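Everything below concerns the one structure shown next.
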Amino acid sequence: METIHFKTVDPVSQELLRGASRMGLGLNWERYEKQQPQDGFLRLGLSCPYGCLQGPCRIDPFGRGAERGICGLDRDGMTAALLLRLTLQGVLEILPADPAGNSGEIRWPASIRDRAAAAVKSLGGAPLSSVAISEGALLLARPSASPERLARQALRLALYGTGVASQARTKSSAGSMPCSAGYGLLAGEAILVGVTGRASQSLIESLMEKAAALKKPEVRLVSLGDWIPAGGSFLPIACTSGEAETVLSSGKVNLVAAGPGTDPGILALCAGMKIPVVPSAENPDAAGILKQASDAFDRRSAAPFDFDPKLVGAGRVNLGDAEIAAALQEGSPAKIALLGGTDSLLLSLGYLPVEMAKALRGEDYAVASWGDAAAWMVKQELPVALLEADEGPLAAVSALASAGKLPLLKGICFSGLRNCRELTLALGLAALGMKVSLATPIPLWGSEPVRTLLREELAAMGGILTHFDHPVRAEELLDWFIRS
Ligand code: SF4
């Protein structure tokens, strides 16, 4: 526990982690530590990603073991294929957001149409459509294509996925919505319903409506790390996604409404702590949920953690182009940085978003953020612009391009990646000519030729994708924003 500051920068979270340890509760941090060292082959891109049942084959990064798979595939082909596999998965994760985007050619917003056309041209000129998906899947059926072909297809898919995300956004995004975040949301006597995953909008709104009528104790709905729009605002965010289990260990949450995408660790912890869980995808009855939460509140332990009500920050999430541009232009800064993304246990939670935002503000950058990183900044009441969690950086690029301010954008940094969707968007933004960095290592370090290929392809489109083979320090990323 003397190394607890390596887990989270938040002193309250540190206190909660100590309490969980005393109670013998295993949280995500214990599982993370037991997983070390993680599969080095896969982390480098040297574990075969093809849909082949003769494997799995792996290639020794040090050249002391297997240098090729059974079929003869070498490390460059394997690494490039893994990049394509991850990008293909990312596109599939993006598609449900806009089923109409699953067919026909991408219709880019006017502000970035020329950039997209230049990128498509650089990648061979064939129009971008859902055909890119089946092409990618076919290339991953069996090794035959060159690393160049695989890497180019990964970029085409990343561009396609980014285009689909962009189409979905232009249909639904406008205005701004209030948000709040912090442990203070859990303070005092209240029945607390935690919401995780992609809970249905109608259920949340129905819960909010019914909860509003209940007093003494009041009923509060809080998000356990997701940005969930409901009733003209975002559900108050009690914690970031990396700290959801830490919050549950406090004993304050009386029931969890779990949407699709909820981590199994949360469900297991709830089972161990006897916190009722309602799967929100099963269309449960709101009144029944609140009755269950109330019953659990009556059975609660005598001394749950006592949170300080002052620990709450507030802000507004900018959704429309005009609001994003206005938020980023406040004070007419000469430089803009986009810094956001998901918590990663590779680094002390909150460290990168908080340190970087403070340092960039100190260098007179306007900063905009999304996802867990944005929640950390709201908690700390840092003066930053807030963006929507899924398409935030893409929306900001589009808004700045519309306002003719794109030259002010000095970089887009993903402080952590949750899934292939985010990797695909990062790659797509680089393909649109943006300077992008990833604080989470990606599995390309098994092949220098593939890294070079990617760098050169992106450079031809005016873009950069910087990534590291180690948990990155804030100073490295600051240097990247300011000097590279
Ligand atoms: S495609 Fe080749 S390298 Fe991959 S698992 Fe099959 S035989 Fe092994």
Side-chain angles (χ1 to χ4, degrees), residues 45 49-51 79-109 112-113 115-117 119-120 122-141 145 147 149-172 198 260-261 341-342 370-371 388-395 397-398 412 414 417-434 436 438 440 442-444 450 453-454 457-458 461 463 465 467:
Y50 278 94
T79 307
L82 183 54
L83 178 66
L84 177 56
R85 169 69 69 196
L86 297 175
T87 316
L88 178 60
Q89 173 64 28
V91 169
L92 297 176
E93 289 169 23
I94 290 168
L95 278 181
D98 180 25
N102 200 7
S103 61
E105 202 172 331
I106 294 290
R107 298 174 304 283
W108 294 91
I112 51 176
R113 195 170 294 148
R115 287 176 169 271
V120 169
S122 180
L123 289 169
L128 271 184
S129 72
S130 57
V131 173
I133 298 172
S134 44
E135 286 171 351
L138 208 57
L139 286 171
L140 289 167
R149 173 81 180 88
L150 296 167
R152 285 192 135 217
Q153 189 65 23
L155 286 172
R156 276 181 61 76
L157 273 170
L159 207 51
Y160 173 71
T162 305
V164 172
S166 164
Q167 284 182 166
R169 181 187 168 264
T170 48
K171 282 182 194 152
S172 61
R198 299 184 304 280
T342 313
W370 67 95
E388 195 271 332
D390 282 341
E391 273 92 40
L394 180 59
V397 166
S398 176
I412 306 169
F414 286 74
L417 298 174
R418 186 202 299 266
N419 50 33
C420 295
R421 180 187 204 284
E422 292 174 344
L423 173 62
T424 299
L425 287 179
L427 207 51
L429 285 164
L432 287 172
M434 300 297 117
V436 179
L438 306 174
T440 304
I442 54 172
L444 293 182
V450 170
L453 257 173
L454 191 61
E457 289 282 1
L458 289 173
M461 296 177 246
L465 183 77
H467 54 103

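Everything quoted here is computed from the prediction, not taken from an experiment.
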Next on the checklist: What I'd like to find out is whether the side chain of Asp390 reaches to under 4.5 Å of the side chain of Leu425, using heavy atoms alone.
Outcome noted: no
Checklist entry - If you take all heavy atoms of Ile94 and Arg421, which pair is closest and at what distance? => result CG1-CG, 3.6 Å
Item to check | Main-chain N/O of Ala158 paired to Thr162 side chain as donor or acceptor, under 3.5 Å | outcome: yes
Next on the checklist: Treating Gln89 as the side-chain partner and Cys420 as the backbone partner, does any N or O pair qualify as donor plus acceptor under 3.5 Å?
Outcome noted: no
Next on the checklist: I'd like to know whether Thr424 forms a side chain to side chain contact (heavy atoms under 4.5 Å, CB included) with Leu157, so could you lay out the CA-CA distance, the side-chain angles of the two residues, the decisive distance to 0.1 Å, and finally the verdict.
Outcome noted: CA-CA 8 Å; Thr424 299; Leu157 273 170; over 6 Å; no
Checklist entry - Considering residues at least two apart in sequence or located in another chain, which fulfil the side-chain hydrogen bond (donor to acceptor under 3.5 Å, both in side chains) criterion with Arg152? => result Glu457
Checklist entry - Which atom names give the shortest non-hydrogen contact between Ala119 and Met461, and what distance separates them? => result CB-SD, 3.7 Å
Checklist entry - About how many Å separate CG of Leu139 and CG of Leu88, when rounded to the nearest 0.5 Å? => result 10.0 Å
Checklist entry - How many angstroms lie between atom CZ of Arg156 and atom OG of Ser129, to the nearest 0.5 angstrom? => result 7.5 Å
Next on the checklist: Evaluate Ile133 against Leu95 for side chain to side chain contact (heavy atoms under 4.5 Å, CB included), listing each step before the verdict.
Outcome noted: CA-CA 11 Å; Ile133 298 172; Leu95 278 181; 3.5 Å; yes
Checklist entry - Quick one: CZ on Arg85 to CG on Leu150, what's the gap to the nearest 0.5 Å? => result 11.0 Å
Item to check | Thr342: partners by side-chain hydrogen bond (donor to acceptor under 3.5 Å, both in side chains), with sequence neighbours left out | outcome: Glu422
Checklist entry - Does a side-chain heavy-atom distance below 4.5 Å link Leu465 with Ile442? => result yes
Checklist entry - Under 4.5 Å between any side-chain heavy atoms of Leu155 and Leu454, yes or no? => result yes
Item to check | Contact summary for Leu427 and Ala154, nearest pair of heavy atoms | outcome: CD2-O, 4.4 Å
Item to check | Test item: Phe414 and Thr440 side chains (from C-beta on) under 4.5 Å apart, heavy atoms | outcome: no
Checklist entry - Do you know which two heavy atoms are closest between Ala81 and Leu140, and how far apart they sit? => result O-CD2, 3.5 Å
Next on the checklist: Keeping Glu391 on the side-chain end and Ser166 on the backbone end, is there a donor-acceptor pair under 3.5 Å?
Outcome noted: no
Item to check | Residues in ring pair (Phe, Tyr, Trp, His ring centres under 6.0 Å) contact with Tyr50, at least two apart in sequence or another chain | outcome: none
Next on the checklist: Looking at every non-hydrogen atom in both residues, tell me the closest pair between Ser398 and Ile112 and how far apart they are.
Outcome noted: CA-CG2, 4.4 Å
Next on the checklist: Quick check against the 3.5 Å criterion: does Thr87 have a side-chain atom that pairs as donor or acceptor with the backbone of Leu83?
Outcome noted: yes
Next on the checklist: I'd like to know whether Leu159 forms a side chain to side chain contact (heavy atoms under 4.5 Å, CB included) with Trp108, so could you lay out the CA-CA distance, the side-chain angles of the two residues, the decisive distance to 0.1 Å, and finally the verdict.
Outcome noted: CA-CA 11 Å; Leu159 207 51; Trp108 294 91; 4.2 Å; yes
Next on the checklist: Going by side-chain contact (heavy atoms from CB on, under 4.5 Å), name the residues that satisfy it together with Pro443, two or more places apart in sequence or in a different chain.
Outcome noted: Leu82, Leu86
Checklist entry - Taking only residues two or more places apart in sequence or in another chain, which ones pass side-chain hydrogen bond (donor to acceptor under 3.5 Å, both in side chains) with Arg198? => result none
Item to check | Nearest heavy-atom neighbours spanning Ala151 and Leu453 | outcome: CB-CD1, 4.5 Å
Checklist entry - Can you name the residues that form a side-chain hydrogen bond (donor to acceptor under 3.5 Å, both in side chains) with Gln153, not counting sequence neighbours? => result Glu135, Arg149
Next on the checklist: Within the 4.5 Å heavy-atom criterion, are Val397 and Arg115 side-chain neighbours or not?
Outcome noted: no
